[in-house]
Amino acid sequence: MRFEYSPAPESRSIVTLRESYGLFIGGEFVSGSTAFKTISPATEEVLAEVTQAGPEDVDRAVAAARHAYERVWSVLPGRERGKYLFRIARVIQERARELAVLETLDNGKPIRESRDVDVPLAAAHFFYHAGWADKLGYAGFGPSPKPLGVVGQVIPWNFPLLMLAWKIAPALACGNTVVLKPAETTPLTALLFAQICQQADLPPGVVNIVTGDGATGQALVAHPGIDKVAFTGSTEVGKEIARTCAVSGKRLTLELGGKAANVVFDDAPVDQAVEGIVNGIFFNQGHVCCAGSRLLVQESIADEVLSSLKRRMATLRLGDPLDKNTDVGAINSRAQLDKINELASSGDSEGAERWSAPCPLPDRGFWFPPTVFTGVSQAHRIAREEIFGPVLSVLTFRTPAEAVEKANNTPYGLSAGVWTEKGSLILWLASKLRAGVVWANTFNRFDPASPFGGYKESGFGREGGRHGLEAYLDVLGGGDV
Ligand code: TAP
């Protein structure tokens with residue numbers, strides 16, 4: 001049975017957009033010399049003008065962070081720092097609808113996801129780390145671990161507010177101050193977060209937000225006043241940053257790309273696995289570093305799984321991200337859409353078979369239908385390269401050993417999924433897979449208490465949990481260089 005849905009748009013009136021935004025330095029918004037526009041990827045409407053921070057602005061922000069670090073934040077008792085973090089967490093909750101609508105406008109992700117995933121998890125990260133601020137002496141890093149100093153943080157566009165929370169909450173809890181650069185295409189929730197810092201009376205300079213493009217990120221990570229760099233983004237840029245930070249004495253953590261295997265065995269409950277496959281690759285339009293972008297399905301049930309999957313994909317609703325019925329929103333930018341199209345075309349030309357869900361695409365904005373490729377070999381680009389879009393590559397296997405070999409046959413190692421009813425098989429596979437997180441009979445589960453991070457070209461260092469604190473404390477951590 002097919003249900004018809006009436007439109008259920010979330011009102012955008014809760015968001016007050018300014019015409020232009022300055023940089024957030026030393027607790028206030030300051031102007032810069034040049035600006036760029038941020039648009040809604042669903043409509044291509046210009047949302048606001050945002051300042052492009054140059055090297056002199058980065059310099060000012062680092063100086064403000066240094067001042068706040070030395071005079072205020074590093075000498076404040078942990079229990080006092082914790083109070084600020086609790087306050088920020090509560091303001092995020094109070095302004096949750098505003099943050100969710102703004103995130104959806106600027107990023108293109110469905111409101112259902114920004115409302116139910118991004119914003120609650122961002123608040124949870126602040127609550128969780130607020131709890132740690134006065135207990136760092138019990139975290140297993142010695143009786144009185146010290147902060148590192150000023151942290152430069154660069155984040156991507158796929159989970160703008162959530163990545164900000166992953167970065168800022170542990171840094172502040174451990175006594176560091178930060179200069180953060182959001183992605184060029186999604187700066188607005190970081191700028192609203194700056195207003196939240198003001199509302200929470202956070203001492204000036206503890207959090208500084210510099211907007212801009214890759215050049216701003218480059219200036220930030222290369223700045224000599226930075227003690228630690230935390231980067232989330234592509235492996236390509238991560239490698240460049242690693243080179244910049246080498247022999248500088250800066251500590252570094254990198255959260256990079258992925259090409260996760262979602263492995264389905266023949267005893268898995270097919271309907272449940274299909275939900276997990278859909279969630280694994282179509283959540284957030286597949287703009288997810290840990291997306292289950294390679295489906296490895298046991299040969300004996302491949303036909304059954306694929307026909308169920310296509311049936312389910314045909315029910316996905318693509319369109320207005322502000323509509324509460326929407327499952328698949330807009331691709332974040334024209335550049336990302338071009339990249340997805342290019343990689344999908346390589347799938348066609350290398351001989352894989354493309355099937356896309358039969359959903360109409362809106363006339364304006366950037367869109368790509370949920371798509372699955374079958375007949376994929378391990379040599380195909382769509383099996384090796386991160387597409388970062390709603391495109392699933394399907395491979396088959398016969399034995400558990402073959403599944404492990406294929407799953408690990410990637411330069412990445414961020415995440416994996418396993419679907420089977422045998423607990424022993426789950427544990428065996430989890431011990432063999434070179435992936436930072438392995439989900440069993442579920443996918444894309446996140447919790448601030450659970451460390452997240454990669455192996456190999458997916459980066460090093462962990463975010464979240466007790467392990468994540470290590471990256472922001474002056475202790476010799478496994479992940480830092
Ligand atoms: P990138 O192009 O690497 O950009 C990430 C951030 O770095 C952006 O703020 C970007 O600025 C900035 N940047 C670009 N060039 C830089 C440079 N030379 N020096 C310093 N900063 C620079 O990645 P993206 O396309 O935004 O994000 C997608 C990638 O992030 C995917 O590969 C995905 O897997 C990865 N990702 C990983 C994780 C984890 S936890 N492992 C989580 C989310 C995303 P502009 O925006 O202005 O270019």
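In listed order, ligands and their atoms are each counted from 1.
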L414 neighbourhood, listing ligand 1 atoms whose heavy-atom distance to it stays under 4.0 Å: 41 (N)
Atoms in ligand 1 flagged as close to P156, the criterion being non-hydrogen separation under 4.0 Å: 26 (O), 27 (O), 43 (C), 44 (C)
Backbone or side-chain N or O of V237 under 3.5 Å from ligand 1 N or O: no
Protein contact of atom 25 (O) of ligand 1 - nearest heavy atom, named by residue and atom, plus distance: W157 NE1, 3.1 Å
Short N or O distance, E184 and ligand 1, threshold 3.5 Å exclusive: yes
Aromatic plane relationship, F446 with W439 - under 30° parallel, 30 to 60° tilted, over 60° perpendicular: perpendicular
Closest protein heavy atom to atom 44 (C) of ligand 1, given as residue, atom name and distance to 0.1 Å: N158 ND2, 3.3 Å
Close N or O approach (E240, ligand 1; < 3.5 Å): yes
Shortest protein contact, atom 35 (C) of ligand 1 (heavy atom only): G233 O, 3.1 Å
From G214, G453, G217 - option closest to atom 13 (N) of ligand 1 by heavy atom: G214
Verify atom 4 (O) of ligand 1: protein non-hydrogen atom under 4.0 angstrom away: no
F373 ring center within less than 6.0 Å of W355 ring center: no
Check: F126 ring centre within less than 6.0 Å of F193 ring centre: yes
The single option from N208, V221, I226, T216 passing side chain to side chain contact (heavy atoms under 4.5 Å, CB included) against V58: T216
W157 and F388 aromatic centres sub-6.0 Å: yes
Polar atom proximity, V154 to ligand 1 (N or O, under 3.5 Å): no
Residue F231 vicinity, atoms of ligand 1 by number, heavy atom under 4.0 Å: 3 (O), 5 (C), 6 (C), 7 (O)
Close-contact set for ligand 1 against G212 heavy atoms, below 4.0 Å: 47 (O)
From P187, S234, A183 - option closest to atom 1 (P) of ligand 1 by heavy atom: S234
Over 12 non-hydrogen atoms of neighbours within 6.0 angstrom of CD in E405: no
Numbered atoms of ligand 1 (with element) below 4.0 Å of I241, judged on heavy atoms: 20 (C)
Minimum-distance protein heavy atom relative to atom 38 (C) of ligand 1: C289 SG, 2.9 Å
Side chain to side chain donor-acceptor pair (under 3.5 Å) assessment of E103 paired with T189: CA-CA 6 Å; E103 194 75 300; T189 45; 2.9 Å; yes
Protein heavy atom at shortest distance from atom 32 (O) of ligand 1: E386 OE1, 2.6 Å
Heavy atom of the protein closest to atom 41 (N) of ligand 1 (residue, atom name, distance): L256 O, 2.6 Å
Contacts of W73 that satisfy ring pair (Phe, Tyr, Trp, His ring centres under 6.0 Å) - sequence neighbours left out: Y84
Nearest protein heavy atom with distance in Å, relative to atom 33 (C) of ligand 1: F388 CE1, 3.1 Å
Geometric class of the F29/F24 ring pair [parallel <30°, tilted 30-60°, perpendicular >60°]: tilted
Ring pair (Phe, Tyr, Trp, His ring centres under 6.0 Å) pairs, two or more places apart, involving residues 32-68: none
Atom 10 (C) of ligand 1: the protein heavy-atom neighbour that sits closest, reported with distance to 0.1 Å: K181 NZ, 4.0 Å
Separation between CD1 of I340 and CD of Q285, rounded to the nearest 0.5 Å: 9.0 Å
Six-ring centre of Y412, K456 cation under 6.0 angstrom, axis tolerance 45°: no
